[in-house]
A.B. asks: 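This is the structure I want to talk about, given as structure tokens.
Whatever order the structure lists ligands and atoms in, that order sets their numbers, starting from 1. Starting from 1, each residue takes its place in the sequence as its number.
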Amino acid sequence: PGSYDVHAVEEKWLPVWEKLDPFRADDAAVLAGERPKRYALTMFPYPSGDLHMGHAEVFALHDVISRYWRFRGFEVLNPMGWDSFGLPAENAAIRNDEHPATYTYANIETQLESMKRYGLCFDWSRRLHTSDPEYYKWTQWLFLKLREQGLAYRKNSPVNWCPNDQTVLANEQVLADGTCERCGAEVTKKELTQWYFKTTHYAQELYDRLDDLQDTWIGKVVNSQRNWIGRSEGAHVVFEVEGHGPVTVFTTRPDTLFGATFFVVAADAKLAAEICAPEQREAFEVYLDEVRKASDIDRLSTERPKTGVFLGRYAVNPVNGERIPVWAADYVLADYGTGAIMAVPAQDQRDWDFAKAFDLPIVRTVQPPADFESSGGEAFTGTGPAINSANDEVSLNGMDVPEAKSTIIAWLESKGLGNGTINFRLRDWLLSRQRYWGAPIPIIHCPVDGEVAVPEDQLPVELPELRGADLKPKGTSPLGAAAEWVDVTCPTCGGPAKRDTDTMDTFVDSSWYFFRYLSPHDDDRAFDPALAEAWGPVDFYLGGDEHAVLHLLYSRFFTKALRDMGLITWDEPFSAYLSQGKVVNNGRKMSKSLGNGVSLGDQLSEYGVDAVRLTLVFASPPEDNIDWADVSPAGSLRFLQRAWRLSGDVTSEPGTPATGGDVALRKVTHKTVHEAEQLLESYRFNVVVARVMELVNATRKAIDSGCGPADPAVREAAETVAILLSLVAPYTAEEMWERLGHQPSVAQAAWLTVDPELLVEDSVTAVVQIQGKVRARLEVAPDITAADLEAVALADPDVVRAIDGRDVRRVIVRAPKLVNVVVGG
Ligand code: ANZ
């Protein structure tokens, strides 16, 4: 009788669940307001290979909250699908010499089987794949809608280019020394015309609304979003460049304007070429060639020796009329701020280094502390009173930094020479990819009409099959090879035209998938606005740290754009966000090279689904890493067997009321549920497991040496164990539920209503101190009043003896735990 066969129960319950389908979300109930809703979302996987330990962890955690909400009477939407376009699938397909579609869809089936076996409560009727024409038709539609709103546009811009691999590289693929991650060739910049989404349109709102997410999003993610958007307060200041005209700079330190002794333009900005005087042209061109080879990381480094070239022109400092030389350099970036800076060497280290390298003047405008100069002479980036900062109309001298800033901004504004402004680091989102496995960009290029949107009734623009074609990256899209697909007639003039051959970044697909889950098979629209109103926004989102910046930001951008199109009324997609820790082994990330990988499949066949799930949930708080070397799936399995044995020992009939049962055990049961509710709301799932373990122990004790197996409190406790355990170990719980005489599924059982009277503790220990020394411990009612506690304490014989007739000067009472008596004499 001692144990059950973990694999047999998996075989037994899977078909039953499939038939009962208890987790299908009911749109009608939510639309009619019959039940409150909860939308639980977890990141959908890339279909590269089978599920691994990381998936096992995140899905196990996510299942806890989804199942819990259902028990608490919410209509829960908990969908799953596949992020099936994109590089992971494409690269794997190239490696295995297969078409990406073959590879992708085979993996999806494998992963689906694994997810089902893993006992997850997804609503499979909403399954979607972003690489299905049924899905990407709407990705393309959204692209066109964004373009109509002016939020998608094409521009020419420099991209990282590997001349050897003939391909564009992402910033992350360029090594710190400016070489290609794959082949070691020196990476250069190349001008390409590419598609962008105008994420910067929402920079301010994306930044500001983070304040509202502060309490419900895991803190580190809010911070990374803030840093990525990168808000800087400062000013735009206009400098007249002689022989050229006015040029605006962005500065965060307008208070240092009197110390601007030279002017620098990003060498690779158009502006530099425009400003350059004829006699410096040749030197400039030579320098520009060098600059194109450097990565942005290098360019901004303070370590790197400064390089640059004089452009043969002077700018006029608007506060003091000084003529300052204009240089081109690579430490100023073309696409940040205005691509031009006023250089203040005394207060900025990079400007200082540049001034030293080219022997340019340095004027301090912030007074450093007395001992500063002696420490070697460098930029003083600290704060202090302004010095050397006055003209006939305005003086900043003596002011601290904030006051000096606001004073000079006011003066600049009054003169029309500048204004206070906010600058964001956020760049527009480059979404063009010269790769095959993605959603084609639904644009036609016509020699007469230019860029023409593919008419809505011709969507989707289906990806040509290109079987047998070479899909390796070549710098231009492989779609260009599909001549029959590329050559079309212009929808506007009917003349010959060509399709855009780029595909969309896979992040576009995943920026709106949580909308498509609402009506995944709707042929008439991307999603049903009424359902978006009813189900949205997502109440809980769980996913990996690696998506904490871009994916979340892009989803937020799409949501705001959809709001502005009038398709939804809410504007933040994810009300709560949590990122789970990683599963590591022996303190290290699991990897092939370290040989420390743990196979999920092996663990499942050795210990069964429930033990693996329980181990992952019990190991740590969700956001912490789990070291597989420190956990014991065998121990988890032993616990599950122990819990399961309870269900066989209960002898009372199902439906026996628990009232009148053993009060001590009932108190443990009700307290466990009460605590579990609070713990679940705050995602302390590991502690919930610990509480269930305690309840199992208490129940076992009651059966063996307490009230005995026939007591109705034992049934109540065992049923509660089954229900709580079903959040983590659904097979064991289902098995228990059946043995307790119930029909499946335990997922449909009623959550225990906590009886507040059973939460009241019988007594607590109050400590009585006299002159700070403990003199007595009293058992008192937990709700005893201060006056009663004082009376009881002063009447206690030990206390009376210790006071020994002295005067009671003061009695401090902290009911129900402490009485402090101060005596005199
Ligand atoms: C003068 C100054 C004096 C500056 C000083 C700083 C300190 P954040 O905070 O990151 O926004 N800057 C502006 N545009 C730039 C560009 N395209 N490439 C490189 N640097 C650029 O940085 C804004 C500051 O970085 C600006 O303020 C500017 O230098 C520089 F004591 O102006 B500052």
A.B. asks: So if I apply the side chain to side chain contact (heavy atoms under 4.5 Å, CB included) rule between Ile341 and each of Val265, Val332, Val237, Thr251, which one comes out positive?
C.D. replies: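 One option only clears the test, and that one is Val332.
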A.B. asks: Out of Arg425, Gln347, Arg350, Glu233, whose heavy atom sits nearest atom 25 (O) of ligand 1?
C.D. replies: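 Comparing heavy atoms across Arg425, Gln347, Arg350, Glu233, the nearest one to atom 25 (O) of ligand 1 lies in Arg350.
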A.B. asks: Would you say Leu333 has any N or O atom under 3.5 Å from an N or O of ligand 1, going by distance alone?
C.D. replies: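 Yes, there is a polar N/O contact under 3.5 Å.
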A.B. asks: Less than 3.5 Å between some nitrogen or oxygen of Ser232 and one of ligand 1, yes or no?
C.D. replies: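 Among all N and O atoms of Ser232, at least one is under 3.5 Å from an N or O of ligand 1.
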A.B. asks: Enumerate donor-acceptor pairs with a distance under 3.5 Å from any side-chain N or O in residues 543-552 to protein atoms, sequence neighbours excluded.
C.D. replies:
{"unit_1": "Asp545", "atom_1": "OD1", "unit_2": "Ser579", "atom_2": "OG", "d": "2.9"}
{"unit_1": "Asp545", "atom_1": "OD2", "unit_2": "Lys220", "atom_2": "NZ", "d": "3.1"}
{"unit_1": "His551", "atom_1": "NE2", "unit_2": "Tyr541", "atom_2": "OH", "d": "2.7"}

A.B. asks: Parallel, tilted or perpendicular: which fits the ring planes of Phe197 and Phe558, with parallel below 30° and perpendicular above 60°?
C.D. replies: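 Ring orientation of Phe197 relative to Phe558: perpendicular.
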A.B. asks: Check Ile341 against ligand 1 and report side chain, backbone, both or neither, counting heavy atoms closer than 4.0 Å.
C.D. replies: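 For Ile341, only side-chain atoms sit under 4.0 Å from ligand 1.
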A.B. asks: If the plane angle is over 60° it's perpendicular, under 30° parallel, otherwise tilted; pick one for Phe354 and Trp327.
C.D. replies: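 If you compare the ring of Phe354 with that of Trp327, the planes turn out perpendicular.
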A.B. asks: So for ligand 1, is Asp351 a polar contact partner (N or O within less than 3.5 Å, distance only)?
C.D. replies: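 N/O-N/O distance under 3.5 Å: no.
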A.B. asks: With atoms numbered from 1 as shown, which atoms in ligand 1 lie under 4.0 angstrom from a non-hydrogen atom of Tyr331?
C.D. replies: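 This gives 19 (C) as the contact atoms.
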A.B. asks: With the side chain counted from C-beta on, respond yes when Leu431 and Phe507 share a heavy-atom pair under 4.5 Å apart, and no when they do not.
C.D. replies: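 Not in contact.
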A.B. asks: Would you mind running through ligand 1 and noting each atom that sits below 4.0 Å from a heavy atom of Thr252?
C.D. replies: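 Those atoms are 6 (C), 9 (O), 11 (O), 23 (C), 24 (C), 26 (C), 27 (O).
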A.B. asks: Given that the side chain starts at C-beta and the backbone is N, CA, C, O, which of these parts of Thr256 lies under 4.0 Å from ligand 1, counting heavy atoms, or is it both or neither?
C.D. replies: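 The part of Thr256 near ligand 1 is the side chain, not the backbone.
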A.B. asks: Report, one line per pair, each donor and acceptor closer than 3.5 Å where one atom sits in a side chain of residues 309-321; sequence neighbours left out.
C.D. replies:
{"unit_1": "Arg313", "atom_1": "NE", "unit_2": "Ile275", "atom_2": "O", "d": "2.6"}
{"unit_1": "Asn317", "atom_1": "OD1", "unit_2": "Val319", "atom_2": "N", "d": "3.1"}
{"unit_1": "Asn317", "atom_1": "ND2", "unit_2": "Leu257", "atom_2": "O", "d": "2.9"}
{"unit_1": "Asn317", "atom_1": "ND2", "unit_2": "Ala260", "atom_2": "O", "d": "3.4"}
{"unit_1": "Asn320", "atom_1": "OD1", "unit_2": "Glu322", "atom_2": "N", "d": "3.1"}

A.B. asks: Please state which option from Thr365, Ile422, Asp348, Val264 has its nearest heavy atom closest to atom 6 (C) of ligand 1.
C.D. replies: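 It is Asp348 that holds the nearest heavy atom.
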A.B. asks: Between Thr338 (side chain) and Thr248 (backbone), is there a donor-acceptor pair under 3.5 Å?
C.D. replies: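 Yes, because the side chain of Thr338 sits within donor-acceptor range (under 3.5 Å) of the backbone of Thr248.
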A.B. asks: Show the atoms of ligand 1 that are less than 4.0 angstrom away from any heavy atom in Phe250.
C.D. replies: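 Here the atoms of ligand 1 in question are 11 (O), 13 (C), 23 (C), 26 (C), 28 (C).
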